[in-house]
Amino acid sequence: MSWLPLSFGAPMVLWGLLVLPVIWWLLRLTPPRPQTEVFPPLRILARVLRREETPRQSPWWLTLLRLLMAALVVAALAEPVFNPREKLPAEGAALALVIDNDWASAPDWGKRVATAERLIADANSNGVPVLIAFTAEKPNAEIGPFDAAAALDRLRAAKPRPIPTDRPAVYARVASALESLPGASVAVLADGLAAQGDETAFNTLLSKNAARIVWAVSDRLSLTGLTGADNQVDGFALTAIRAPGDPAPAQVTAGAFDDKGRRIADATLTFAPGGTTVTGTMAVPFELRNDFAYIALDGERQAGAVRVLDESSKRRRVGLLSQSEADQAQPLLSPLYYIRRALQPFADLVEPSSVDLADAIPQLLDQKPAMIVMADVGTIPEQARQRLVDWVDKGGTLVRFAGSRLAAAGNDDDLLPVRLRTGERSLGGALSWTAPQPVTEFPKTGPFADLAPPTEVTVTRQVLAEPTPDIVERTWATLADGTPLVTGMKKDKGTLVLFHVTPEATWSNLPISGSFVEMLRRIVQLSRNQGSAVANAEAAATSLAPYRMIAADGTLVPPTPDARPLVPGAGPLPVTLENPPGLYGSETGVFAHNLLGGDSAFTPLARPEITVPITTIQYAFDEQRNLKGPLVTAALVLMVLDTLAVFWMGGLLSRRPRRAGAAATAAVLLIALCALIGHADVARADDAKPGDTEAIGDISKTRIAYVLTGEPGVDSISRAGLEGLTRFLIEKTALEPGAPAGVDISKDELSFYPLIYWPIDPSAPMPSEAAIARIDAYMQQGGTVLFDTRDQFANGIGADSTSPATERLRDILGNLNVPPLEPVPSDHVLTKSFYILPEFPGRFAGSPLWVEASLEASNTENRPVRTGDGVSPIMITANDFAGAWAVDENGDPLLPTVPSDPMQRIYALRAGVNIMMYMLTGNYKSDQVHVPVLLERLGQ
């Protein structure tokens with residue numbers, strides 16, 4: 001019996017409501033107990049003539065209260081349920097729960113668990129055992145049958161896996177278990193995605209004693225996934241897919257993240273109405289794209305929306321090859337000199353150890369370069385030629401430069417984009433064809449179309465291409481007379497490019513022009529990495545260990561216990577529980593193993609055509625609420641009210657009025673006292689001034705401050721650096737500083753901090769005169785500012801040509817009263833305040849630490865800045881202290897030292913300890929260091 005949205009477990013009990021009129025009639029005839037009082041004699045005489053009255057029935061409000069209480073008790077006994085759910089068919093010999101816990105189930109996993117819990121609860125009420133199997137677990141996992149409690153434990157211990165389902169294997173195991181359980185109910189909690197082998201799997205499952213089916217589905221299949229992320233010329237080309245059936249257009253935002261999880265780029269992809277695939281470009285500079293570690297779709301909490309990237313999507317590896325031996329005395333004449341200078345900023349260059357082409361070409365190919373540049377290489381040995389041709393066909397980019405060797409070698413249709421005429425063409429000589437030719441506009445169909453033609457470039461010699469019908473299509477750059485300067489063509493998956501001049505400035509001044517760099521840069525961006533190069537043959541033969549895995553919800557996590565090493569091979573690798581999606585390898589190099597391939601598609605799962613009864617349900621949380629408890633509680637409350645009313649009507653609550661008055665007086669006094677205390681607290685709070693609480697917190701512990709420059713990258717490194725120094729101070733000394741403080745020198749109080757670290761950044765705004773005046777006052781009052789230009793390798797302090805950071809520092813110091821400076825002397829207290837240090841390195845080494853110059857005592861009145869306790873008010877370095885001190889949350893260094901030396905970071909931290917000891921102890925440490933001199937002066 002049910003009245004939506006309310007139902008009753010024992011509806012027959014509701015017939016008890018019919019006795020409420022009888023109860024009302026009985027209550028009306030049962031008056032409350034008369035009030036009894038003891039009257040004094042005079043009061044009896046005063047009322048002797050009054051008529052005594054006794055109620056003959058209960059008051060109406062008390063009768064109503066008792067009727068309501070009886071109704072609540074009857075309703076509670078009927079076991080009412082609010083928003084009742086339909087009882088699911090969990091009957092027969094057993095209930096078989098088959099649950100998809102793959103990556104597609106992650107977004108609504110909670111609803112799936114709640115649905116399965118309802119099924120298990122119904123099975124428990126029917127007294128049937130439960131088989132429970134998950135399609136993304138180990139094949140040998142136990143499936144039961146279990147009792148309801150054990151089944152619930154296994155359900156709540158399960159979690160989504162970032163792998164596809166394996167329905168055929170799991171369904172076969174469930175069907176085998178059902179052979180001994182005739183008439184079982186089978187509940188299929190699927191993810192909604194079709195997979196290979198589904199038809200066979202369902203036929204196997206439903207052919208073994210399945211008496212009824214529960215088919216659970218989501219409201220709609222709303223998954224969106226990334227199937228491609230390719231680093232192309234103008235940006236990262238992204239491909240996203242969604243399930244069919246959505247007629248409305250939709251927008252998704254993709255974010256690119258670095259290896260520390262910081263978002264560094266965005267792109268918006270728009271699905272057309274009814275479209276299932278969309279492509280877009282994340283247009284960011286080439287250098288920034290090399291920092292991409294993974295790309296993820298916003299709002300999609302599942303592994304298919306994340307795509308990790310490896311070296312094949314990052315900075316290109318370029319092999320260099322020349323038949324000429326390098327002349328160390330004349331490097332400008334080397335065929336590869338200008339090529340190296342042009343490619344070094346945006347490519348990893350590799351060269352063979354042998355000059356013999358038969359050995360050099362295989363050595364380059366073993367390192368899997370994206371592009372190989374040949375500088376005037378003539379005939380290629382046959383034993384290496386075929387391997388080079390195969391490399392180009394599979395996606396390699398071969399760039400060749402002309403020269404006398406190439407001109408004499410003849411044509412090679414497999415390794416040249418065009419056929420060449422025999423010999424060379426000389427321009428501008430006694431036997432020349434014509435005057436030297438300039439470069440004209442680049443063809444609109446080539447990769448150099450948006451580059452301005454180099455008007456200063458001329459060509460005096462070149463190799464000519466044979467005129468063919470497709471010569472125009474293969475021409476990427478031409479001279480003014482129409483002859484090709486650069487030609488190129490696609491060959492299978494690879495690219496062939498030929499510069500018809502030499503790579504050194506003998507046939508043309510193109511290699512010494514800025515256009516040469518841009519042309520090579522475009523060709524590098526056209527190339528595609530061929531995979532991660534292995535360090536040695538032994539590494540190539542072994543598998544790659546799990547490094548960072550993609551969880552089912554799309555987050556990057558450490559490897560799970562089930563993950564096993566991955567053996568890279570040809571073709572796509574399957575995603576399994578042992579090899580889940582993620583990165584495999586180590587910090588030196590990783591291999592990306594992604595969930596979705598380029599040909600993936602989301603196909604909705606079709607319900608199988610079966611003859612047994614089927615019930616379709618939606619995934620949902622259980623919103624049914626049992627009202628028996630609240631109704632019983634309400635009846636008890638009414639019972640208490642009824643009892644109090646009877647006491648009141650019987651006069652029990654009106655006895656001893658004096659005590660009641662005293663209690664009331666005490667309550668009033670207590671309230672007044674609380675009000676007075678609250679008023680006193682408010683008064684004390686009113687005495688406080690704004691900022692007092694923050695000031696007390698700042699001075700309660702020693703804190704190191706850093707100047708907020710307004711540049712997020714600089715400020716984050718400053719904070720991380722001072723946090724690293726604070727950790728080191730706590731570990732190595734008795735000092736326990738508080739958290740570093742970022743200060744705005746234009747408004748924050750500076751006197752709370754003994755040391756302020758100021759990283760000089762030329763792109764940050766120049767401080768105002770008022771802010772510099774506050775710094776000057778801080779230094780005069782005994783504080784110290786540590787200026788760090790961080791430009792040791794960019795002509796720092798003392799160099800003839802100064803860097804922008806040093807120029808900015810000079811502008812700042814020009815408005816300060818700066819004392820004479822000198823590099824820290826070898827006997828300075830800074831070299832002995834805690835550690836014995838001969839120098840003060842940071843992330844860089846070599847720059848001195850400048851402090852106030854030591855002056856004679858008689859000259860102290862002439863110092864521009866009065867120091868406190870013998871401490872220098874200013875320190876200057878270019879070694880980037882904060883960069884060496886910076887650590888992440890786990891205590892690992894954020895930035896490498898230059899040069900890469902682990903001890904340099906230790907010495908940098910020790911330098912920070914010496915600076916802090918020097919700041920906090922002042923002339924005390926100075927006196928301790930100079931005790932021998934002091935004793936000598938005292939004559940002891």
Side-chain angles (χ1 to χ4, degrees), residues 4-5 81-90 95-125 130-137 148 151-167 170-171 174 185-195 198 201-202 205-206 210 212-225 242-246 299-305 551-554 602-608 610 613-625:
L4 291 178
V81 176
F82 179 74
N83 199 13
R85 60 176 176 83
E86 182 181 359
K87 190 174 179 63
L88 300 177
L95 169 66
L97 273 174
V98 188
I99 305 173
D100 285 347
N101 65 324
D102 62 329
W103 64 272
S105 65
D108 58 351
W109 179 247
K111 289 184 178 180
R112 297 170 189 266
V113 171
T115 304
E117 287 177 344
R118 296 201 302 273
L119 286 164
I120 294 174
D122 290 344
N124 184 42
S125 64
V130 178
L131 287 86
I132 183 168
F134 300 93
T135 60
E137 295 292 344
L152 281 175
D153 290 341
R154 290 182 176 271
L155 173 65
R156 291 164 182 167
K159 60 182 179 180
R161 302 286 190 176
I163 62 174
T165 61
D166 186 9
R167 293 193 184 110
V170 176
Y171 284 15
V174 176
S185 298
V186 177
V188 178
L189 278 64
D191 61 4
L193 285 179
D198 280 350
F202 282 112
L205 174 65
L206 303 179
R212 59 194 59 80
I213 303 297
V214 177
W215 183 265
V217 295
S218 299
D219 296 337
R220 65 186 184 93
L221 190 59
S222 57
L223 297 174
T224 305
R242 67 172 177 174
D246 193 345
E300 292 289 331
R301 299 181 63 252
Q302 37 88 7
D553 62 355
F602 293 159
T603 303
L605 177 65
R607 194 176 73 179
I610 54 179
I614 186 167
T615 301
T616 301
I617 63 174
Q618 298 286 337
Y619 290 122
F621 291 104
D622 191 357
E623 297 179 353
Q624 127 178 332
R625 295 292 179 268

When rounded to the nearest 0.5 Å, the distance separating CH2 of W103 from CH2 of W109 is 15.0 Å
Those residues at least two apart in sequence (or on a different chain) that pass ring-ring contact (aromatic ring centres under 6.0 Å, His included) with F134 are none
Output for pair (I99 CD1, R154 CZ), nearest 0.5 Å, gives 12.5 Å
Over 60° means perpendicular and under 30° means parallel, so tell me whether F202 and Y171 are parallel, tilted or perpendicular. perpendicular
Here the gap from L97 atom CG to S185 atom OG, rounded to the nearest 0.5 Å, amounts to 10.0 Å
When every non-hydrogen atom of E300 is compared with those of A305, the smallest separation belongs to CB-CB, 3.4 Å
To the nearest 0.5 Å, atom CG of L155 lies from atom CD1 of I132 at 4.5 Å
Just by distance, do the side chain of D198 and the backbone of A195 share a donor-acceptor pair under 3.5 Å? yes
Note: P164 and A136 closest approach over all heavy atoms is O-CB, 4.3 Å
With side chains defined as the heavy atoms from C-beta onward, is the minimum distance between D122 and L95 less than 4.5 Å? no
P160 and A552 have their tightest heavy-atom pair at O-CB, 3.5 Å
Rounded to the nearest 0.5 angstrom, the CZ-CD1 distance for R118 and I120 is 11.5 Å
- Query: What do the steps show when you test D100 against L193 for side chain to side chain contact (heavy atoms under 4.5 Å, CB included), and what is the final call?
  - Reply: CA-CA 10 Å; D100 285 347; L193 285 179; over 6 Å; no
Note: R242 and T224 closest approach over all heavy atoms is CB-OG1, 4.2 Å
From the list E137, K159, R161, side-chain hydrogen bond (donor to acceptor under 3.5 Å, both in side chains) with N101 holds only for E137
**OP:** Decide yes or no on side chain to side chain contact (heavy atoms under 4.5 Å, CB included) for L205 and V188, but give the supporting numbers first.
**Re:** CA-CA 10 Å; L205 174 65; V188 178; 4.2 Å; yes
Practice problem: Walk me through it: do I213 and R607 pass the test side chain to side chain contact (heavy atoms under 4.5 Å, CB included)? | Solution: CA-CA 11 Å; I213 303 297; R607 194 176 73 179; over 6 Å; no
In terms of heavy-atom contacts, E117 and L152 come closest through CG-CD2, 3.8 Å
From the list D108, T135, T165, side chain to side chain contact (heavy atoms under 4.5 Å, CB included) partner of D191 resolves to T165
Between the OG1 atom in T115 and the CG atom in L189, the distance rounded to the nearest 0.5 Å is 6.0 Å
**Q.** Backbone of A106 reached by a side-chain donor or acceptor of R112 within 3.5 Å
**A.** no
